[in-house]
Chemist: 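Once you've had a glance at the structure underneath, I'll fire off some questions.
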Amino acid sequence: MDSEEYNIEYLKENGFTRKKCERCGSHFWTRDHDRKTCGDAPCEFYSFIGNPIFKERSADEIRESFLSFFEHCPHKHTRMKRYPVVARWRDDIYLNIASIANFQPFVTSGKVPPPANPLVISQPCIRLEDLESIGKTGRHLTAFEMMGHHAFNKRGGEEIYWKNDTVRYCDGFLRHLGVDMDSVTYKEAPWVGGGNAGPCLEVITNGLELATLVFMDLELSPQGEISINGQRYTKMDTYIVDTGYGLERFVWASKGTPTVYDAIFPDVIKELVNASGIEHPLETHPAIIIQNARLSGAMKREEIANKLGISLENLKNILEPIETIYAIADHTNCLAFMLADGVVPSNAKEGYLARLVLRRVFRMLKSMGIEIPLEDIVLMQIETLRKSFPELEKSVDRIVELVSLEHRRYDETLLKGERIVRQMARGYKGKRKEEQKIPLDMLINLYDTHGLPPEFVKEVVSNQEAGVDVEVDIPENFYSLVASMHSEERKGEMEQPIVEKIEEKTKSIPATQKLYYEKPSAVDFEATVLDFVDGSVILDKTLFFPEGGGQPADTGSLTLKEENRTLKVIDVQEVEGVILHKIENSGVSKGAVVSGHIDAARRIAHTKHHSATHVVVCAAREVLGGHIWQAGAQKGEKRARIDITHFKRISDAERSEIEMLANRIVMEDKEIKASFEDRNEAEQKYGFRIYQGGVPPGKRIRIVRIGEDEDVQACAGTHCSKTGEIGPIKILRTERIQDGIERIEYSAGEAAVKEIQLLEELIRKSASVLRVPVHKLPSAVERFFEEWKQLRKENERLRAEIAEQRIGLWKEHARDIRGVSVIAEVLPGADTKEMMKIASQLSKDDFLTILIGKREKHASVVSSVPVYLRNDVNASALVKRVCEVLGGSGGGKAEIAQGGGTKIEKVKEAMEAGITLVDDLISKNK
RNA sequence: GGGCUCGUAGCUCAGUGGAAGAGUGCCUCCUUCGCGAGGAGGAAGCCACGGGUUCAAAUCCCGUCGAGUCCA
């Protein structure tokens with residue numbers, strides 16, 4: 001990146017000089033003319049530990065002083081409420097990873113104006129990339145607050161502020177806190193992230209990076225003229241001040257505690273230390289702890305041990321217990337935000353991330369022997385957070401239920417896992433010593449398919465009973481091995497992004513006027529053809545609803561007035577406000593006047609199902625709880641479905657309740673109001689719950705409200721004007737499409753009536769088959785099934801009896817072949833099972849048998865050989881010979897075998913072939 | 001969104017193309033003053049469901065339903 005980018009007036013005017021770090025070689029700005037390094041770890045150690053940088057402040061105090069500093073600075077930033085930690089408005093990330101993420105992609109790209117400009121916010125963020133190092137490094141947190149002041153500038157427009165004021169404000173804020181300004185360095189470090197990039201200054205003091213000032217003005221572009229890390233970038237139409245100040249780091253710097261955890265979670269750590277029965281090593285080994293903390297940013301653990309003059313093992317033993325407690329404190333804080341903001345633990349998407357964190361904590365609590373239930377620790381965290389985030393308290397009940405449910409599930413997984421491992425270990429019994437080692441791929445498989453971490457496998461195996469001594473070697477990089485295995489699977493699926501040709505072509509065409517919003521009940525309209533692109537007609541205005549938000553496109557026709565020709569509209573899509581009517585034929589000229597007609601029945605069905613969707617979500621939220629979030633939806637003519645986040649299966653009772661409530665909302669005939677509202681105002685007024693069905697682009701968004709705002713959603717679909725118009729709503733089924741996501745399928749309006757009739761017919765027909773009244777169907781079916789089972793048993797018993805009786809009969813029919821008693825008979829209608837019984841009994845009495853059961857289209861063959869002939873005649877070979885003639889095949893054991901064939905006319909021939917073979921074999925072996 | 005595993009007696013699971021099994025629990029009897037324990041016998045299975053391949057499927061293939069788990 002061009003060094004010119006960092007040629008910032010403020011730095012030059014305030015006595016800063018640009019230097020090159022002696023250690024890492026990067027450039028930085030400083031007031032201290034003798035400074036030789038950039039000041040960042042690992043070039044420098046944490047000199048603030050035990051020696052705070054400024055006056056001690058709590059998290060609440062730091063946050064408040066930051067927000068009010070920027071509210072009252074010359075640029076009067078607007079203070080914003082925090083956004084959720086679940087990035088509901090993004091489809092590329094699950095969790096909110098930075099304050100700027102709140103404004104991506106629409107605000108940063110310039111499509112939507114910012115809610116305020118400039119603005120200041122303290123945004124709780126979650127990053128789970130470094131889960132393994134949490135607790136160990138002393139500075140990593142999964143959940144942290146990123147304080148940011150943002151200014152959104154547009155090229156050609158009036159500039160709010162850019163690099164100069166950004167640095168000025170940052171410098172001013174640090175001075176305001178009382179930081180020694182000579183110790184502050186601004187380090188040049190190009191920033192890259194999420195398809196954007198730009199120059200960046202890292203703000204560092206005493207070894208600690210407190211903030212980053214990003215000047216975001218580049219975007220990824222294959223033809224871009226600027227190259228960073230091998231990727232090409234180009235200048236954007238916007239240029240944005242994206243700053244991130246680590247709230248927790250400021251608190252840490254103000255306290256000078258050994259770790260950031262000691263600064264942020266002192267109370268929780270105290271509780272955990274007490275509960276685990278250990279002592280905080282800060283009390284037992286203060287010198288080691290302080291020294292380690294100061295050096296930890298700059299050195300590896302081995303080096304630190306060396307420097308402190310103790311063994312690595314010893315240092316680990318001192319640190320590891322408290323590191324686990326730090327991690328628990330961190331993770332529970334993270335969970336408080338995730339669960340309160342509505343993440344439902346599951347096995348996919350953001351739910352999996354929640355489960356991952358939950359299970360890590362369960363494991364850590366167990367290893368530390370801490371018996372405080374996890375939910376109680378999360379509640380402790382909420383207790384300290386509630387002053388600044390009162391909304392967290394609303395979710396307390398659900399969190400308790402959720403966490404204990406997850407605990408139960410985890411215990412079950414482990415219990416099952418223990419059985420699996422024990423069984424596997426038993427398989428090693430009696431093997432040679434060098435073979436008693438679980439191979440790596442087996443360990444990976446156990447983790448991948450059963451969720452059993454190798455440490456757990458090792459523990460179970462080491463508790464094995466005597467005689468089994470299985471080795472378990474866990475490679476250091478086990479988890480990254482698993483991860484890389486999965487990323488290899490994915491490589492082949494990478495798709496090349498298709499260049500949006502249509503978008504290019506429609507860019508110059510004005511947005512289509514959407515008559516379906518203005519006249520929701522109209523079916524006919526007139527319009528003028530503006531263009532014809534790739535088989536699609538573009539009009540100046542239209543009634544045709546384009547596919548979107550889970551609602552399929554309208555179909556219908558366009559009639560060219562002058563030519564009196566009708567075109568069938570088969571699909572309708574919207575691209576950047578321009579509506580494309582895909583037609584079967586071509587040959588439409590610009591300027592032609594058309595009259596359009598939409599398929600009214602289809603549209604009405606879609607409309608009813610769409611309104612019904614909102615009603616069902618609303619009812620489900622009422623019945624199941626506030627964590628219900630729409631995870632996908634599809635509307636059709638006959639039925640519709642919604643996927644909702646929920647942590648257990650919807651019971652039959654809940655399903656009935658949701659259905660009843662939904663129909664009650666219909667019967668109350670509530671108003672459904674749809675109107676365009678300012679996006680930022682709507683977000684503030686209704687909250688993020690409006691983004692149930694995804695996030696629409698644009699400055700103004702369409703808001704659909706039911707009744708007294710019982711349900712408010714951003715929605716582009718067509719809707720009834722009153723809930724009564726929806727008609728009956730019938731829930732057809734619920735399905736668990738994923739752990740944590742339930743699908744509800746339902747029909748509305750006429751389609752619902754038809755579904756009910758269909759169901760009724762099904763029941764009526766079933767009842768009439770059994771000749772019972774409908775209400776007796778369940779008991780009748782049960783009785784029939786029981787009787788059927790009884791009869792089946794009886795049948796089997798009788799067959800055994802017949803077989804028994806036949807045995808006596810067949811014995812008299814035995815023929816003698818060279819001294820061997822052979823029973824070779826054809827049994828009409830007999831089945832294989834019955835013949836097996838007979839044959840097996842006869843062979844016990846020293847008869848050799850060949851039985852052929854002759855049925856309508858198929859003959860089955862059973863043969864048995866008495867024990868004394870075992871070495872001479874093989875039953876399996878005998879059956880094969882017989883079945884060959886019958887055009888089939890067979891096989892089995894040497895004593896008894898079965899087979900069959902389809903050439904029933906050759907039964908006699910087959911039997912003779914069998915007897916001949918027996919004759920041959922006996923004579924040969926005698 | 002993608003991958004892997006599983007569904008067999010009330011429970012825990014073997015069986016991986018040739019006759020549905022074990023342990024445990026249950027029932028009856030014997031032993032015992034009684035309990036624990038031991039002995040003898042017995043009942044209990046749409047082998048999740050629906051297709052296909054095969055002479056033959058719990059077993060192989062496809063689909064559906066249900067459960068578990070890992071990765072992004």
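Lettering of chains follows the sequences in order, A, B, ..., and the numbering in each one begins at 1.
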Chemist: Establish, with yes or no, whether the OP1 or OP2 oxygen of B:C46 is under 4.0 angstrom from a side-chain nitrogen or oxygen of A:Arg792.
Modeler: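 No, outside the criterion.
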Chemist: What's the gap between B:A56 and B:G17 when it is taken at their C1' atoms, as a whole Å value?
Modeler: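 About 8 Å, rounded to a whole number of Å.
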Chemist: Roughly how many Å apart are B:G52 and B:U59, using the C1' atom of each and rounding to a whole number?
Modeler: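 Going atom to atom, C1' in each nucleotide, I get 15 Å.
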Chemist: In this structure, how many angstroms lie between the P atom of B:C46 and the CD atom of A:Glu782, rounded?
Modeler: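 So the two atoms are 14 Å apart, to the nearest Å.
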Chemist: Verify side chain to side chain contact (heavy atoms under 4.5 Å, CB included) between A:Glu794 and A:Gln790, making sure each step is shown before the conclusion.
Modeler: CA-CA 6 Å; A:Glu794 182 71 3; A:Gln790 288 301 320; over 6 Å; no
Chemist: If the P atom of B:G66 is compared with that of B:G10, how far apart are they to the nearest Å?
Modeler: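 Result for the P pair: 22 Å, nearest Å.
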Chemist: Should the pair A:Arg855-A:Asp831 be classified as a salt bridge under the 4.0 Å nitrogen-to-oxygen rule?
Modeler: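 Salt bridge flag = no for A:Asp831 with A:Arg855.
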Chemist: Of the options B:C70, B:U69, B:A72, whose atoms approach the side-chain atoms of A:Asn347 most closely?
Modeler: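 Of all the options, the side chain of A:Asn347 is nearest to B:U69.
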Chemist: Can you tell me, in whole Å, how much space there is between the P of B:C46 and that of B:G21?
Modeler: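 It comes out at 15 Å once rounded to the nearest Å.
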Chemist: Nearest to the side chain of A:Thr449, which nucleotide is it out of B:U69, B:U5, B:A72?
Modeler: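 Closest nucleotide among those given: B:U5.
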Chemist: After noting the C-alpha distance and the side-chain angles of A:Trp810 and A:Phe847, does the key distance pass the side chain to side chain contact (heavy atoms under 4.5 Å, CB included) rule?
Modeler: CA-CA 10 Å; A:Trp810 298 129; A:Phe847 292 91; over 6 Å; no
Chemist: Could you tell me how far apart A:Lys789 (NZ) and B:C46 (C1') are, to the nearest whole angstrom?
Modeler: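 After rounding, the gap between these two atoms is 8 Å.
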Chemist: Using side chain to side chain contact (heavy atoms under 4.5 Å, CB included), reason through A:Val862 and A:Thr832 one step at a time and then give a plain yes or no.
Modeler: CA-CA 7 Å; A:Val862 171; A:Thr832 314; 4.0 Å; yes
Chemist: Please report, rounded to the nearest Å, how far the C1' atom of B:A19 is from the CG atom of A:Asp831.
Modeler: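 Going from CG in A:Asp831 over to C1' in B:A19 covers 12 Å.
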Chemist: Starting from the C-alpha separation in whole Å, work towards a yes-or-no answer on salt bridge (charged side-chain N to carboxylate O under 4.0 Å, His left out) for A:Arg127 and A:Asp130.
Modeler: CA-CA 8 Å; A:Arg127 292 188 189 175; A:Asp130 294 317; over 6 Å; no
Chemist: Counting the atoms with a prime plus P, OP1 and OP2 as sugar-phosphate, which does A:Glu735 contact under 4.0 Å by heavy atoms, base, sugar-phosphate, or nothing?
Modeler: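 The residue A:Glu735 makes sugar-phosphate contact but no base contact.
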Chemist: Which nucleotides of nucleotides 48-55 of chain B have their base under 4.0 Å from a protein heavy atom (B), which only their sugar-phosphate (S), and which neither (-), written as one string 5' to 3'?
Modeler: -------B
Chemist: Rounded to the Å, how far apart are A:Ile420 CD1 and B:U12 P?
Modeler: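 Rounded to whole Å, this separation is 12 Å.
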Chemist: Select base, sugar-phosphate, or nothing to describe what A:Arg359 touches, counting heavy atoms under 4.0 Å on all strands.
Modeler: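 Touches sugar-phosphate only.
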Chemist: From the set B:U69, B:A19, B:A14, return the single nucleotide nearest to any side-chain atom of A:Gln423.
Modeler: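 So the nucleotide nearest the side chain must be B:A14.
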Chemist: Take atom CZ of A:Arg419 and atom C1' of B:G23, then tell me their distance rounded to the nearest Å.
Modeler: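 So the CZ-C1' distance, A:Arg419 to B:G23, works out to 13 Å.
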Chemist: Do A:Ser864 and A:Thr849 have a side chain donor and acceptor closer than 3.5 Å?
Modeler: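 The answer is yes; a qualifying pair exists.
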Chemist: Taking only the side-chain nitrogens and oxygens of A:Arg422, find out if one of them lies under 4.0 Å from OP1 or OP2 of B:U12.
Modeler: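 A:Arg422 to B:U12 OP1/OP2: no side-chain N or O under 4.0 Å.
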Chemist: Pick base, sugar-phosphate or nothing for A:Leu356, based on heavy-atom distances below 4.0 Å to the nucleic acid.
Modeler: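 Sugar-phosphate: the residue A:Leu356, judged by heavy atoms under 4.0 Å, touches backbone atoms but no base.
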Chemist: Under 4.0 Å between a side-chain N or O of A:Lys837 and OP1 or OP2 of B:A19?
Modeler: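 No.
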Chemist: Suppose you measure atom C1' in B:U28 against the same atom in B:A43; what distance do you get, rounded to whole Å?
Modeler: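 B:U28 and B:A43 have their C1' atoms separated by 10 Å.
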Chemist: Starting from the C-alpha separation in whole Å, work towards a yes-or-no answer on side chain to side chain contact (heavy atoms under 4.5 Å, CB included) for A:Met836 and A:Gln898.
Modeler: CA-CA 8 Å; A:Met836 290 289 278; A:Gln898 61 279 93; 3.0 Å; yes
Chemist: Please work out the stems of RNA chain B from pairs that are Watson-Crick or G-U wobble with both distances under 3.5 Å, keeping only runs of three or more consecutive pairs.
Modeler: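 Runs of three or more consecutive pairs: B:1-7 with B:65-71, B:10-13 with B:21-24, B:26-30 with B:38-42, B:48-52 with B:60-64.
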Chemist: Can you work out whether A:Gln790 or A:Tyr94 has the more 5'-proximal nearest nucleotide on RNA chain B?
Modeler: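 Looking at RNA chain B, the more 5' nearest nucleotide goes with A:Gln790.
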Chemist: Record whether the side chain of A:Asp448 comes under 3.5 Å of the base of B:U69 through a donor-acceptor pair of N or O atoms.
Modeler: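 There is none.
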Chemist: Looking only at atom P, what distance separates B:A9 and B:G63, rounded to whole Å?
Modeler: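 That atom pair is separated by 25 Å.
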Chemist: Counting only heavy atoms not in A:Arg771, do more than 12 sit closer than 6.0 Å to its CZ atom?
Modeler: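 No.
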Chemist: Could you tell me the separation between the CD atom of A:Glu742 and the C1' atom of B:C65, rounded to a whole number of Å?
Modeler: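 Value for this atom pair: 14 Å.
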Chemist: From the list B:A19, B:G68, B:U5, which nucleotide is the closest neighbour of the side chain of A:Thr413?
Modeler: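 Among B:A19, B:G68, B:U5, the one nearest the side chain of A:Thr413 is B:G68.
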Chemist: Would you say A:Lys416 places a side-chain N or O within less than 4.0 Å of OP1 or OP2 belonging to B:U12?
Modeler: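 For B:U12, neither OP1 nor OP2 has a side-chain N or O of A:Lys416 closer than 4.0 Å.
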Chemist: Which whole number of Å gives the distance between the C1' atom of B:C11 and that of B:A72?
Modeler: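 Here B:C11 and B:A72 have their C1' atoms 38 Å from each other.
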Chemist: If you assign A:Lys880 and A:Tyr410 each to the RNA chain B nucleotide with the nearest heavy atom, which residue ends up on the more 5' nucleotide?
Modeler: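 Mapping each residue to its closest nucleotide by heavy atoms, the 5'-most match is A:Lys880.
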Chemist: Establish, with yes or no, whether the OP1 or OP2 oxygen of B:G68 is under 4.0 angstrom from a side-chain nitrogen or oxygen of A:Arg736.
Modeler: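 Yes, such a contact exists.
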Chemist: Among B:G1, B:U69, B:A20, which nucleotide has an atom closest to any side-chain atom of A:Gln738?
Modeler: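 It is B:G1.
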Chemist: How many whole angstroms separate atom CD of A:Glu796 from atom C1' of B:A44?
Modeler: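 Atom-to-atom, A:Glu796 to B:A44, this comes out as 14 Å.
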Chemist: Measure the acute angle between the ring planes of A:His407 and A:Phe362, then classify it against the limits of 30° and 60° as parallel, tilted or perpendicular.
Modeler: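 A:His407 and A:Phe362: parallel rings.
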Chemist: If you measure from the Lys or Arg side-chain nitrogens to the Asp or Glu carboxylate oxygens, is any gap between A:Asp473 and A:Lys458 under 4.0 Å?
Modeler: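 Salt bridge between A:Asp473 and A:Lys458, a charged N being under 4.0 Å from a carboxylate O: no.
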Chemist: Which distance, rounded to the nearest 0.5 Å, do you find between the CD1 of A:Ile126 and the CD1 of A:Ile93?
Modeler: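 The CD1 atom of A:Ile93 is 11.5 Å from CD1 of A:Ile126, to the nearest 0.5 Å.
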Chemist: Taking atom P in both B:U24 and B:A19, what distance in whole Å separates the two?
Modeler: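 Per the computed distance, 26 Å lies between those P atoms.
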Chemist: Within the structure, does a side-chain N or O atom of A:Arg409 lie under 4.0 Å from either OP1 or OP2 of B:A67?
Modeler: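 No.
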Chemist: Under a 4.0 Å threshold between the charged nitrogen and the carboxylate oxygen, would A:Glu786 count as salt-bridged to A:Lys789?
Modeler: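 Looking at A:Glu786 together with A:Lys789, the answer is yes, because their closest N to O distance falls below 4.0 Å.
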Chemist: Nearest-Å distance, CG (A:Leu446) to C1' (B:C70)?
Modeler: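 Checked: the CG to C1' distance equals 12 Å.
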Chemist: With a 4.0 Å cut-off on heavy atoms, is A:Lys903 in touch with a base, just the backbone sugar-phosphate, or nothing at all?
Modeler: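 No contact at all - A:Lys903 keeps every heavy atom at 4.0 Å or more from the nucleic acid.
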